[in-house]
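The next block holds one structure in the form of structure tokens; read it before the comments.
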Amino acid sequence: MTGVPPIGAPLVAEPSLETLARNAGAGPEITRYLDERGIRSVGALALVASDQEAVKEVMCQPLLQGWRKSQATEPIHLADDEKPIASAVLMFMFQLAREARVRQSSAVGAAQPATATPGAASSGTSASDSKVPKSLPSGEWTRLIERYCSITLNGETREFPEHELLGAESVVARVLHEHRVSKLYQPVGLGEVLSRRSFQANREVNPLSRKPRSNKLSVEDGLLREEEDKDDDWVPRGLMSVLDGLRAIKWLYILVEMGPEKQVRRYFEYMTLKARARNNKVEQFRAYFESASWKLCGYLRAKKTFTEASELVMADVASFQEHMMKEPAWDSSGRRRPNSDASSTGGTPNKQPRLRETPKGEKGKHADGFKGGDIGKGHKGKHDGKATISSSPSAQPRSAQPPAPLQPTLHLEMPDLSLAHDVVLLSFFDGMGSAAHALQRLKVRVRAVIAWETDPCALAVSKRLFRGLRFDRGNIEGDNAEDLAVMIRAMHQEKPSIFLICAGPPCPDYSRIRPAAEGRTGSTGRLFEVFCQYVQTLERLVPEVSFAMLVENVVMNSQQDVDYYSKQLRAEAIVLDGAAFGLVSRPRVWWTRLDWGCFKTDPLTQQPFKWSRHHGMRKLLPEVPKDKCQDIAMPGLSFHPSVAAGEKLLPCIVTPAPNDAGREPPKQMRGQVDASTRQRWLAGLRQYAPWMFEETAMVRNSQQELTLLPAELKEQLHHYAPGATRMAEVAPKDRHRLLGNSWHLGCAMFLMHCILSQHASPEVKAASEASASAALQEAIREARTFPLSVSRQVELNPSVLPPISEEWEHWIASKEVVHPLLEPPRLPPALETVYRRIADFPGDLESHRRLIVQGVHDLIAARRDETAVWFNKLPHHIRVAYSLNDERVCVQIPVFVELLRGCGYPDAELLAEELSRGMNMLGSIRPTCGWMPRNDDKYSHPIEYSTFQALNQDYVRARLRSGRVDEEWRSLLEEISSEVRSGKMEGPFRAPASWGTETTACSEVSGFQVLLDCPCENPSVAWAFSVVQTGSDGGRKIRRCEDYRRSFHNSTVFASDSPPHDDVGVYVAMIRFLADMGFSPHIWAQDLDSAYRQYPVENPDHCFVLLATPQGPTLWRHRVMPFGATASVFHFNKVTDALLWIARSLLLVAGIHFVDDLGCVDPSQSSHHSFTAFKEFCLALGFRLKSSKEQPPGCAQKIQGVYIVVEHDRVLVKPDPKRIQKLQHVLHEALRQDLLPPEAAAKLVGKLQFLCISLFGKVYCHRKAFIYFLEILAQAVGLLSNRRYLSAFWVAFVDNQAGRSALTKGYGRDESINRLLAWFHHLAMQLGWHGHFEWVSSSANISDKISRGSLDLAVALGWQFLASPLEPLWAILLRVATDMEYACGQGVSDALALEWRFSALPDCALYMSWCSSGGLLVVQAQARDSLFNFSLSLAYLRAGATLPDQMVEPAPSVVRWLLAAGASLEHRNAEGMSPLMAAAAGEQSEVLSLMSQVAGEAVANLWLQDVQHHPQLLLLRL
């Protein structure tokens, strides 16, 4: 028995390897073999593998296959009869070495055991508890059969089909043990029973059950024993075999009584139907069944019943569809891939995957600085390509002490992370190990690092920076995700950990400084997609593990690539620049799965994050400590004064050129480099980018000579310790290459801290359960265990196709695209979760909701005394605001907060404080969980309070001097006096002495004839005015407003996020989501009474209001939040968000809101009691609803001014006829009177825009935008002429971004363009089109060659030629260009009346002649899958060619139209013009020149220079 020796006992010395070999009986061949393998100590042998299975692969197999270290050494060959003995001796030595390490650690008295590897069994677990039986207890089989047969049907005894399981008793024993004893359920594989049972389905003897006797030997308890064969499950490859496997597992589950027999049969009937429905996708079904089995076992482990678990699995329809769409995950032989997860046999994974070897030539970091390049040639570093384990210092021999760690000069000190678990890092394209090093610098416990890298220099530095358990897997392209999945699952089962994926895929093919970068099709760029596919496979194989993620790359040349990888990784891309630290620029795109809508506070400052924009992406601006030049160790060197003073940043560190020939400068820098910089660049052999040779980017030595940044300086700029890459095996140029590819460690640490902080153990205050009802207790417990997300983000599909650069690839791929509107609808995570919980709810949902509401009433009664104490401690104005005239006395804020705390609402404490002290109307507004950060600076620059006071006093004096009395003053006064009586306001007050004027009492209203003393010497005041509206009943409606903008109240507000609003589009998405789930949706709506006026303000002195009357000004004060104040909007929305979140969590009510308009889309069968339960829930807590505006559940509701109608096959959104009549009346009156005052115009624009956004999600208006008229015309003509082939949902590809943007948004810069767009969109509405415009690069546009005169492809594909005369179309478009009424009315009818005729293509010579003279070509292709692909080319007009007789000469009307509707032009070489705009203007100039030849006018006559220097292309009178 081994134990800890007593104090004073001599230390147990580690035996020598020779002693170990002698004790194990090893011969000279084995000792020589160990020596040549580098195993020269007992410790090395103990750590060479994780268990005996790994020893066989790592140590035994090379020896048994014939070992030879090199050509200069003699090989070691063993006879066949010696091989089993040699294998057993090696495993015996490994066992003895492990025992020796344990004894030595125990003797030293270490608190921790020897380093364990994932999957190793705990030494504290007894064999009797953990060992799974391989046979049934005596008599158990008979008892199970008799129990089944004891049930009679119609008086007859049932008979169990024993042949289904006979011979597979080991599987029965395992499943029975899991079900009765361990409860650690594991799946039964489809082939697990089939490969073991004695008979086939046809009752013949099963040949699979005949297995040869094992000849393997192993050491157990110090004795040599014969080892049993590991079960290598046969995998069914055909449908019949799959059905046999399902039937066998069904009888197994029935026999062991896994669940009610009826439910077991229902579950396997479901699986059988699914298998038969996809009889040509057997491999995909096997993968689906394995995934479903794991989910089933997971639910059973979570103590759900078999009925609950199986229903949850069957309800997950998306999982089945996802597996059916995937490629097969099996090899061609139909057997499991090597080292696949053993879980399908029901056993715990019992072997670790082999640490794979890296053959020469694999891809890691390229020698020229490109990550992932081929390094097999030209590299002769010390790395031999074999995987290694770099153990932690505690696991190394004591004689091999690690060197002292290097100390960084620049270091970001982050707050400590109290993580619940250790971190397992998966570092892809590991480079120099920045990710692992950043974790260590954050003082995070790293359990293991699994790395993919092959560059020997990078490996050497990485292993130096991180000294711990490390698994090197080499090249990602040659790696097997299934092997890794086994390792991950074993680690996860042994000990819960945080699994973090980090990656820095190769970036050169995405860089913006390379205009010709190939993106994901490039030689290195493709590895990003390889990485994405690997991660997707890994996550599919281990669904029980949740992976955090941090992926880095350059700011990409194409935003489409960013969107594509965001979707592939299920992560959000942001920009973070090393420039935030103040010394060096390092803009990079970082993908994380962090919900920035919930994580809003900077961990360093505890202030809201600041954001900006960078190339269209959100850029994070962390407030980190600035790096100081004086902190950098740089003896004899000095920065440029502008850098030292913080006026200029050092440029981004880049990699050196791959060879001595150097590299060309980026195109955008040509001509922009000054002479001295260019001279230094040439003298430096062009080894770096030119900007690295600018004087400000270099340092000076003691002789004042300019020199490039040394490696030690680059290390420190990226927050590494000086000398981090200085190693004998790393050449100087390799050091610069590694640093050019490395992460900025400060940026990485900051983001890692944000990510890992989400895994800290939060302290959630549980709701008291002593007096609440049982249903409420259970609901709170469930909500706390599985909290709903507060995020409002919705994952959108950024593009229907991934970036494609080849025209034929794009053409083929376009046939399979899906219109965005036909994609499955997506909702915020909380709403999707609520709907799934409703669908999976096991009991009576109506009873549940009724019990929850009753439980809330009981809780309110139980907390009456505590609520009274809280209420009596409140300030007077808050008590009045919360007072209720019923038995509840007040709004039940304490109970509301208790429910939020109990269910785990993130902002519960902050919201509780605000509700008790009142809402601040001035100053900073705290960020709210779930809201997205602002990208603008609208509320980023508030004025100081002292400034506000001065400005507000000036505002009040100006208002008092004007003395203007509102025409509706009497109505306003009556409303104010009513609110004073209800306690929401107070007054009237005397004016402060500082005003120098008097206020008056209200003689017009009884009870307010006496003035009160003003409670504040310097009140903050806003002016009251009226807004006259037409009510829903058609009557006149007066609204009181207060001008908090001109009073400067709103100018004091600072806000870092934006309150979201659930518009009509959210209702439509919810309806579609429910319909996809098979429910019939109903809508209901509620309205919060008085909205903002339900909540008190913190300081009433900030909320005075002046109302002018004929008798004089009157002064009043608010106790509750006023309308018109920006702060009111933020505070009201955050409380309403919390109210709806708790209703979703407890009542399963999918509530949403647009400010105070509440609503819900619910299944029709549960909508009525969800409506009632929510209403009673709000009233119980004291949140008042407006009964006059409630809308009970129905298929049609008026929401936000429009009607939403749910029909059996569609959702209709249409405007309220009364609202349309009102708008028409205003417009007609303005036209009749020829007068529209500015204020009325502004209101009218707001109403029209709100209506357009509600109906279409877009606004058609006049904005500045550069539009290509020809691109718009091409799409319009192509779609119109082929409309009979189009479905309602089509996708059109446009190779011009400006044209696509105009077609999508519906507006342009020119009036003629806007009329054309209006005509096109009215045409689309008339035809019921739901079009989607997608950008395609010119290189991938299959019509591009046709526009240049090539018909080869069109002829080969059998396309047709548009032979219809175009004169009728030109006439329509010419009138459209000048008549908006015609464009939106008769012009659409005229266009639909046109007839279109197609004919065979002309020969090439005829077509080229026709193109030379001018014309329009529409290429027509076949329709497929509701998507019509067409190619359209507009040939430019050219003069001087003879027109063929059969071609129609362009009429003058064509020229007039093209000149009239031509897009605005800019000077080609105008100062400050972007290259894209210059190229566009050049193209238009060429068109203008050609048109001028046809028109017979000089080009100069077609130009006009206006005072703003914007030339316009004008219509000439021809």
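Numbers here are sequence positions counted from 1.
Atoms CE and CH2, from Met617 and Trp611 in turn, are 12.0 Å apart once rounded to the nearest 0.5 Å. With values rounded to the nearest 0.5 angstrom, Thr696 atom OG1 is found 10.0 Å from Leu706 atom CG. Between atom SG of residue Cys532 and atom CG of residue Leu569 there is a gap of 4.0 Å, rounded to the nearest 0.5 Å. Remark: Tyr510 OH to Ser558 OG distance equals 10.0 Å, nearest 0.5 Å. Rounding to the nearest 0.5 angstrom, the gap separating the CE atom in Met432 from the OG atom in Ser742 is 5.5 Å. The CE atom of Met749 sits 4.5 Å away from the CG atom of Leu442 when rounded to the nearest 0.5 Å.
Without hydrogens or angle criteria, Asp472 side chain to Gly474 main chain gives no donor-acceptor distance under 3.5 Å. The main-chain N or O of Glu623 is found under 3.5 Å from a side-chain atom of Asp602 such that the two form a donor-acceptor pair. Judged purely by atom type and a 3.5 angstrom limit, Ser757 uses its side chain to pair as donor or acceptor with the backbone of Cys754. With hydrogens and angles ignored, the 3.5 Å screen pairs no side-chain donor or acceptor of Ser462 with any backbone N or O of Ala458.
The minimum heavy-atom distance linking Leu576 with Leu620 is given by the pair CD1-O, 3.7 Å. Ala580 and Val624 get closest at one heavy-atom pair: O-CG2, 3.5 Å. Nearest heavy atoms, Trp743 versus Ala435: CZ3-CB, 4.1 Å. The two residues Arg686 and Ala657 make their nearest non-hydrogen contact at O-CB, 4.2 Å. Here the closest non-hydrogen pair linking Leu550 and Ala748 is CD2-O, 4.2 Å. For the pair Leu465 and Ala724, the tightest heavy-atom approach, listed with the atom from each and the gap, is CD2-CB, 4.1 Å.
Residue Val575 forms a side-chain contact (heavy atoms from CB on, under 4.5 Å) with just one option from Lys619, His615, Arg613, Arg618, and that option is Lys619. Residue Leu745 is tested with His718, His411, His437 for a side-chain contact (heavy atoms from CB on, under 4.5 Å); the sole match is His437. None of Thr655, Thr725, Asp455 except one satisfies the side chain to side chain donor-acceptor pair (under 3.5 Å) rule with Arg737; the exception is Asp455.
Contact check for Val699 versus Val643: no side-chain heavy atoms found under the 4.5 Å cut-off. With a 4.5 Å cut-off on side-chain heavy atoms, His744 and Phe581 count as touching. Counting heavy atoms from C-beta on, the side chains of Ile476 and Phe531 come closer than 4.5 Å. Here the side chains of Pro690 and Arg678 are not in contact, with every heavy-atom distance at 4.5 Å or above. The shortest distance between side-chain heavy atoms of Arg473 and Ile450 falls below 4.5 Å. Contact annotation: the side chain of Val449 never approaches that of Phe471 to less than 4.5 Å [non-hydrogen atoms, C-beta and beyond]. Proximity of Asp422 to Val446: side-chain heavy atoms (C-beta onward) are nowhere separated by under 4.5 Å. The shortest distance between side-chain heavy atoms of Phe547 and Ile498 does not fall below 4.5 Å.
Listed by chain and number, the residues in a side chain to side chain donor-acceptor pair (under 3.5 Å) with Ser497 are Arg447 (sequence neighbours excluded). Judged as a side chain to side chain donor-acceptor pair (under 3.5 Å), and not counting sequence neighbours, the contacts of Asn701 are Glu705. Under the salt bridge (charged side-chain N to carboxylate O under 4.0 Å, His left out) criterion, Glu539 pairs with Arg570, Arg593, sequence neighbours left out.
At a threshold of 4.0 Å, the pair Glu694-Arg680 does not count as salt-bridged, since none of the basic side-chain nitrogens sits closer than that to a carboxylate oxygen. Ion pairing of Glu552 with Arg588 is present here, as a side-chain N (NZ or NE/NH1/NH2) and a carboxylate O approach within less than 4.0 Å. For Arg470 and Asp430, the salt-bridge test passes: some basic side-chain N is under 4.0 Å from an acidic carboxylate O. No salt bridge links Asp509 with Arg526; every basic N to acidic carboxylate O contact stays at or beyond 4.0 Å. Ionic pairing of Lys628 and Asp631 is not present here: no N-O contact between side-chain nitrogen and carboxylate oxygen is shorter than 4.0 angstrom. Salt-bridge annotation for Arg726 and Glu712: present, with a side-chain N of the basic residue lying under 4.0 Å from a carboxylate O of the acidic one.
Under the 6.0 Å cut-off for aromatic ring centres, Trp591 and Phe528 qualify, their centroids lying closer than that. Under the 6.0 Å cut-off for aromatic ring centres, Trp681 and Trp691 do not qualify, their centroids lying 6.0 Å or more apart. The six-membered or imidazole ring of Phe609 lies near that of Trp596, with a centre-to-centre distance under 6.0 Å.
Ring orientation note: the planes of Tyr534 and Phe428 are nearly perpendicular, at an angle over 60° on the 30°/60° scale.
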Would you please test Val654 and Tyr688 for side chain to side chain contact (heavy atoms under 4.5 Å, CB included) and show each step?
CA-CA 7 Å; Val654 297; Tyr688 292 93; 4.1 Å; yes
Yes or no on side chain to side chain contact (heavy atoms under 4.5 Å, CB included) for Leu583 and Leu649, after CA distance, side-chain angles and deciding distance?
CA-CA 5 Å; Leu583 273 183; Leu649 291 171; 5.5 Å; no
Arg464/Glu729 under salt bridge (Lys or Arg N to Asp or Glu O under 4.0 Å): CA gap, chis, key distance, verdict:
CA-CA 12 Å; Arg464 180 189 190 186; Glu729 56 266 49; over 6 Å; no
Hey, mind stepping through Leu439 and Leu500 against side chain to side chain contact (heavy atoms under 4.5 Å, CB included) and telling me if it holds?
CA-CA 10 Å; Leu439 287 173; Leu500 173 64; 4.2 Å; yes
Verdict with reasoning, Glu477 to Leu527, per side chain to side chain contact (heavy atoms under 4.5 Å, CB included)
CA-CA 8 Å; Glu477 288 192 283; Leu527 292 178; 3.6 Å; yes
Let's go through Asp674 and Thr677 carefully: what are the C-alpha distance in whole Å and the side-chain angles of both, what is the deciding distance for side-chain hydrogen bond (donor to acceptor under 3.5 Å, both in side chains) to 0.1 Å, and is it a yes or a no?
CA-CA 5 Å; Asp674 61 80; Thr677 299; 2.9 Å; yes
Test side-chain hydrogen bond (donor to acceptor under 3.5 Å, both in side chains) on Asp479 and Trp452 and set out the steps.
CA-CA 9 Å; Asp479 198 13; Trp452 288 258; 2.7 Å; yes
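Around NZ of Lys443, the count of heavy atoms belonging to other residues, nucleotides or ligands within 6.0 Å does not exceed 12. By the 6.0 Å contact criterion, CD on Gln679 is open, its count of non-hydrogen atoms from other residues, nucleotides or ligands being 12 or less. In the displayed structure, Lys648 atom NZ is contacted under 6.0 Å by at most 12 heavy atoms of other residues, nucleotides or ligands.
Using modelled atom types and a 3.5 Å distance limit, the side chains of His719 and Asp627 yield a donor-acceptor pair. Counted by atom type alone, Glu529 and Gln568 present zero donor-acceptor pairs between their side chains at under 3.5 Å.
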